[in-house]
Amino acid sequence: MTNNSVIDPATGEEIGKVPDMGVEDAKEAIDIASASFKTWSRTTAKERHDLMKKWYDAMMANQEDLATILTWENGKSLAESRGEIIYGSSFIEWFAEEAVRSYGAVIPNNVASQRYITIKQPVGVVGIITPWNFPNAMITRKVGAALAAGCTVVIKPGAETPFSALALCELAERVGIPAGVINIVTTDAHVKDIGTELTTNPIIKKISFTGSTAVGKLLMKQSSDTMKKISMELGGNAPFIVFDDADVDAAVEGAIASKFRGTGQTCVCANRMYVQKGIYPEFASRLAEKVAQFRIGHGFDKETNFGPLINHAAVKKVTTLVDDAVSKGGELLVGGKHAGGNFYEPTVISGMTKEMRIATEEIFGPVAGLFEFETEDEVIELANNTQFGLAGYFFSRDVGRVWRVAEKLEVGIVGANSGIVSNCYTPFGGVKESGMGREGSLYGISDYQNIKYINMGGIQ
Ligand SMILES: NC(=O)c1ccc[n+]([C@@H]2O[C@H](COP(=O)([O-])OP(=O)(O)OC[C@H]3O[C@@H](n4cnc5c(N)ncnc54)[C@H](O)[C@@H]3O)[C@@H](O)[C@H]2O)c1
Ligand SMILES: O=CCCC(=O)O
């Protein structure tokens with residue numbers, strides 16, 4: 001077996017190697033997960049709760065090490081990585097608590113001699129494929145729900161960030177989660193083949209994927225022959241709307257939080273920023289002023305709060321999108337340049353139009369493009385004119401408008417006067433081509449359970 005290099009995106013230097021596993025390794029991992037399912041699925045909810053709480057405690061006790069690994073392989077600043085470890089581990093705590101509160105139902109009978117009940121059972125072995133942008137939290141949000149339900153898992157983490165996944169697994173083993181319950185397959189060269197194995201192997205009963213819409217569609221097609229359950233957390237193209245009646249301070253703060261988190265590489269990042277005519281000049285200049293204050297550098301540098309993009313391809317894509325906007329008349333208010341290596345300056349562009357590629361494409365980088373609009377109806381139409389529907393944000397102090405716009409945005413998650421929407425308590429997921437299923441919250445565990453109805457007859 002060959003090894004893959006894992007690269008520090010801030011320096012381009014190798015930080016370590018992991019095995020480049022192949023289809024045979026994936027098959028073995030699936031068989032092991034299947035054998036472990038026989039015992040894990042029969043543990044009591046309280047046993048799973050206790051082990052998961054210990055896992056959560058171990059993550060928090062090792063927060064600094066986990067954050068260091070995360071910054072090293074993903075590039076985000078250490079402060080952001082610490083935040084991700086708190087966020088990621090919160091899913092393990094939350095789902096530990098959900099495990100013991102997952103109830104069946106007693107249904108009123110319509111035949112005197114019968115009684116009806118439902119029980120919830122784990123779906124089986126789950127195949128999990130996750131991206132590099134949240135190397136910890138995208139795994140825990142899925143594995144937490146799966147383990148709580150009584151499922152076992154085979155995880156294929158992002159090729160760029162395998163160490164965060166392996167560290168989580170090491171902690172799980174230390175606290176006594178039985179070997180074989182969580183299995184990891186690392187690869188770069190065999191991503192496609194392992195994806196095919198996970199989606200076609202009949203032992204796997206569910207695929208849970210976070211990543212691009214294009215890959216999500218492929219995995220869904222591949223999963224259809226064996227009728228697997230599916231959870232898809234896919235790409236976004238979030239509108240961010242600022243109405244004339246907004247609190248400008250709050251809107252600028254929300255824009256910074258939503259647009260520039262993870263160097264603009266999150267699926268819920270604001271992608272198209274619509275600003276009403278009356279407030280446009282003030283919002284644009286205040287946003288540009290704030291963005292100019294970011295300090296680019298290595299995530300371990302204490303003076304830094306803005307990391308690199310994940311790789312050269314990402315820099316190239318952002319460069320192309322900015323050049324396209326500028327060539328069509330966009331005005332750079334701040335940034336707009338490659339800053340060496342994988343770094344790109346945090347950027348604000350004014351005077352965006354619908355002819356520019358950023359109007360329709362997910363940027364996945366630190367670029368805020370401002371579009372001017374005049375009426376509420378106009379902006380709702382613009383905001384919904386996309387095949388994506390993950391998150392949408394708007395700022396307004398008119399309570400009637402807050403309800404109207406929240407109801408009309410075609411998205412799974414709305415930030416109304418709020419730029420940060422993610423936590424373990426609330427449902428995360430999209431509509432349209434942003435995917436299906438909900439993660440976290442009281443809904444998250446049900447994606448990993450089958451409901452069985454039992455009709456008990458012969459009752460005198
Ligand atoms: N909705 C969400 O919760 C969410 C969260 C994070 C990222 N995303 C989306 O993910 C995208 C960015 O991440 P990315 O570039 O790593 O996405 P990606 O789809 O290229 O990769 C995601 C994962 O899929 C794997 N993969 C790639 N091709 C595959 C194939 N043919 N078969 C099986 N697996 C395959 C990758 O190795 C990685 O593990 C963006 O579109 C972003 O919006 C969505
Ligand atoms: O990138 C997508 C996930 C981001 C989040 O969970 O807030």
Side-chain angles (χ1 to χ4, degrees), residues 4 20-21 23 26 74 76 80 83-84 86-88 90-91 127-142 154-162 164-165 184-200 207-223 231-238 257-258 261-271 309-311 313-314 317 361-365 387-391 411-413 415 419-424 426-441 444:
N4 289 329
D20 198 297
M21 298 185 180
V23 170
N74 166 284
K76 62 180 75 173
E80 273 201 273
E84 181 175 339
I86 293 172
Y87 178 47
S90 74
F91 289 106
I128 290 177
I129 302 179
T130 53
W132 48 264
N133 67 338
F134 284 83
N136 178 291
M138 293 305 97
I139 291 179
T140 56
R141 195 154 74 183
K142 297 174 188 305
V154 178
I155 307 168
K156 195 217 76 62
E160 299 82 354
T161 56
S164 292
I184 299 192
V185 186
T186 55
T187 185
D188 193 3
H190 305 108
V191 165
K192 244 182 141 169
D193 296 338
I194 289 181
T196 304
E197 183 59 32
L198 290 174
T199 48
T200 56
I207 288 289
S208 183
F209 173 71
T210 293
S212 62
T213 294
V215 173
K217 286 179 181 176
L218 174 74
L219 298 177
M220 230 177 128
K221 274 190 204 132
Q222 291 176 175
S223 300
S231 291
M232 291 280 156
E233 297 290 350
L234 308 177
N237 182 4
S258 154
R261 180 172 167 230
T263 315
Q265 302 171 109
T266 88
C267 53
V268 286
C269 272
N271 201 59
L309 291 167
I310 189 68
N311 54 29
K317 181 180 172 201
E361 287 180 41
E362 187 184 26
I363 307 169
F364 233 58
Q387 79 266 34
F388 298 107
L390 186 57
V411 294
I413 304 164
I420 288 284
V421 287
S422 310
N423 58 62
C424 66
T426 52
F428 193 99
V431 298
K432 296 159 84 175
E433 293 185 23
S434 287
M436 58 190 62
R438 290 295 178 269
E439 297 193 321
S441 80

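Just so you know, ligand 1 is whichever comes first in the structure, and atom 1 is the first atom listed for that ligand.
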> Return the closest protein heavy atom for atom 38 (C) of ligand 1 as residue, atom name and distance.
T130 O, 3.4 Å

> Give the residue and atom name of whichever protein heavy atom lies nearest to atom 37 (O) of ligand 1, and the separation in Å to one decimal.
K156 NZ, 3.1 Å

> Looking at atom 17 (O) of ligand 1, what's its closest protein heavy atom, distance included?
S212 N, 3.4 Å

> Tell me: protein heavy atom nearest atom 2 (C) of ligand 1, and distance?
C267 SG, 3.1 Å

> Pick, from I207, T199, T210, V191, the option with the minimum heavy-atom distance to atom 34 (N) of ligand 1.
V191

> For atom 24 (O) of ligand 1, grab the closest protein heavy atom and report residue, atom and distance to one decimal in Å.
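Of the protein heavy atoms, F209 CE1, 3.2 Å lies nearest.
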
> At a 4.0 Å cut-off, with the gap strictly under it, does some heavy atom of G158 reach an atom of ligand 1?
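Contact present.
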
> Measuring from each atom of ligand 2, which residues have a heavy atom under 4.0 Å away?
Y87, N133, F134, M138, R141, R261, T266, C267, V268, S422, F428

> Give me the residue, atom name and distance of the protein heavy atom closest to atom 30 (C) of ligand 1.
V215 CG1, 3.9 Å

> Of the side chain and backbone of F428, name the one, both, or neither that has a heavy atom under 4.0 Å from an atom of ligand 1.
side chain

> Quick one: which ligand 1 atoms are inside 4.0 Å of a heavy atom on L218?
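Atoms satisfying the 4.0 Å criterion: 31 (N).
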
> Which atoms of ligand 1 sit under 4.0 Å from any heavy atom of G195?
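So the answer, numbered in order with elements, is 33 (C).
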
> Does a donor on one side chain sit under 3.5 Å from an acceptor on the other, for K142 and S231?
no

> Of all the atoms in ligand 1, which lie at a distance below 4.0 Å from a heavy atom belonging to F364?
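In order of numbering, the contacting atoms are 12 (C), 40 (C), 42 (C), 43 (O).
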
> Might you check, step by step, whether the distance between atom 21 (O) of ligand 1 and some protein heavy atom is under 4.0 Å?
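No, no protein heavy atom sits under 4.0 Å from atom 21 (O) of ligand 1.
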
> Using atom types as modelled and distance alone, determine if a side-chain donor or acceptor of N74 lies under 3.5 Å from a backbone N or O of W132.
yes

> I need the contact type for E197 against ligand 1. Using non-hydrogen atoms and a strict under-4.0 Å cut-off, is it side chain, backbone, both or neither?
neither

> Could you tell me the residue and atom name of the protein heavy atom closest to atom 10 (O) of ligand 1, and the distance to it rounded to 0.1 Å?
G211 C, 2.9 Å

> Would you say G236 contacts ligand 1, with heavy atoms under 4.0 Å as the rule?
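Under 4.0 Å: yes for G236.
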
> Please list, in number order, the atoms of ligand 1 under 4.0 Å from a heavy atom of L219.
32 (N), 33 (C)

> Report yes or no: is the cationic atom of K76 (NZ for Lys, CZ for Arg) closer than 6.0 Å to the six-membered ring centre of F134, at no more than 45° off its axis?
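The answer is yes, since K76 meets both limits relative to F134.
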
> Would you check whether L234 has a nitrogen or oxygen atom less than 3.5 angstrom from a nitrogen or oxygen atom of ligand 1?
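Among all N and O atoms of L234, at least one is under 3.5 Å from an N or O of ligand 1.
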
> Nearest to atom 43 (O) of ligand 1, what protein heavy atom do you find, and at what distance?
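Going by distance alone, atom 43 (O) of ligand 1 is nearest to E362 OE2, 2.5 Å.
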
> Relative to the heavy atoms of K192, which atoms of ligand 1 are at a distance of less than 4.0 Å?
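Near K192, meaning under 4.0 Å from one of its heavy atoms, ligand 1 has 31 (N).
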
> For ligand 1, which is the ligand I care about here, please tell me if T213 has any N or O atom under 3.5 Å from one of the ligand's N or O atoms.
no

> Can you list the ligand 1 atoms lying under 4.0 Å from a non-hydrogen atom of R141?
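Under 4.0 Å from R141, ligand 1 has these atoms: 3 (O).
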
> State the atoms of ligand 1, each with its element, that fall below the 4.0 Å cut-off from a heavy-atom position in N133.
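Every atom of ligand 1 under 4.0 Å from some heavy atom of N133: 6 (C), 7 (C).
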
> Could you see which bit of L390 sits under 4.0 Å from ligand 1, with heavy atoms only: side chain, backbone, both or neither?
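Under 4.0 Å from ligand 1, L390 contributes side-chain atoms alone.
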
> Report the part of I194 in contact with ligand 1, treating N, CA, C, O as backbone and CB onward as side chain, heavy atoms under 4.0 Å; options are side chain, backbone, both, neither.
neither

> For T266, which part has a heavy atom under 4.0 Å from ligand 1: side chain, backbone, both, or neither?
neither

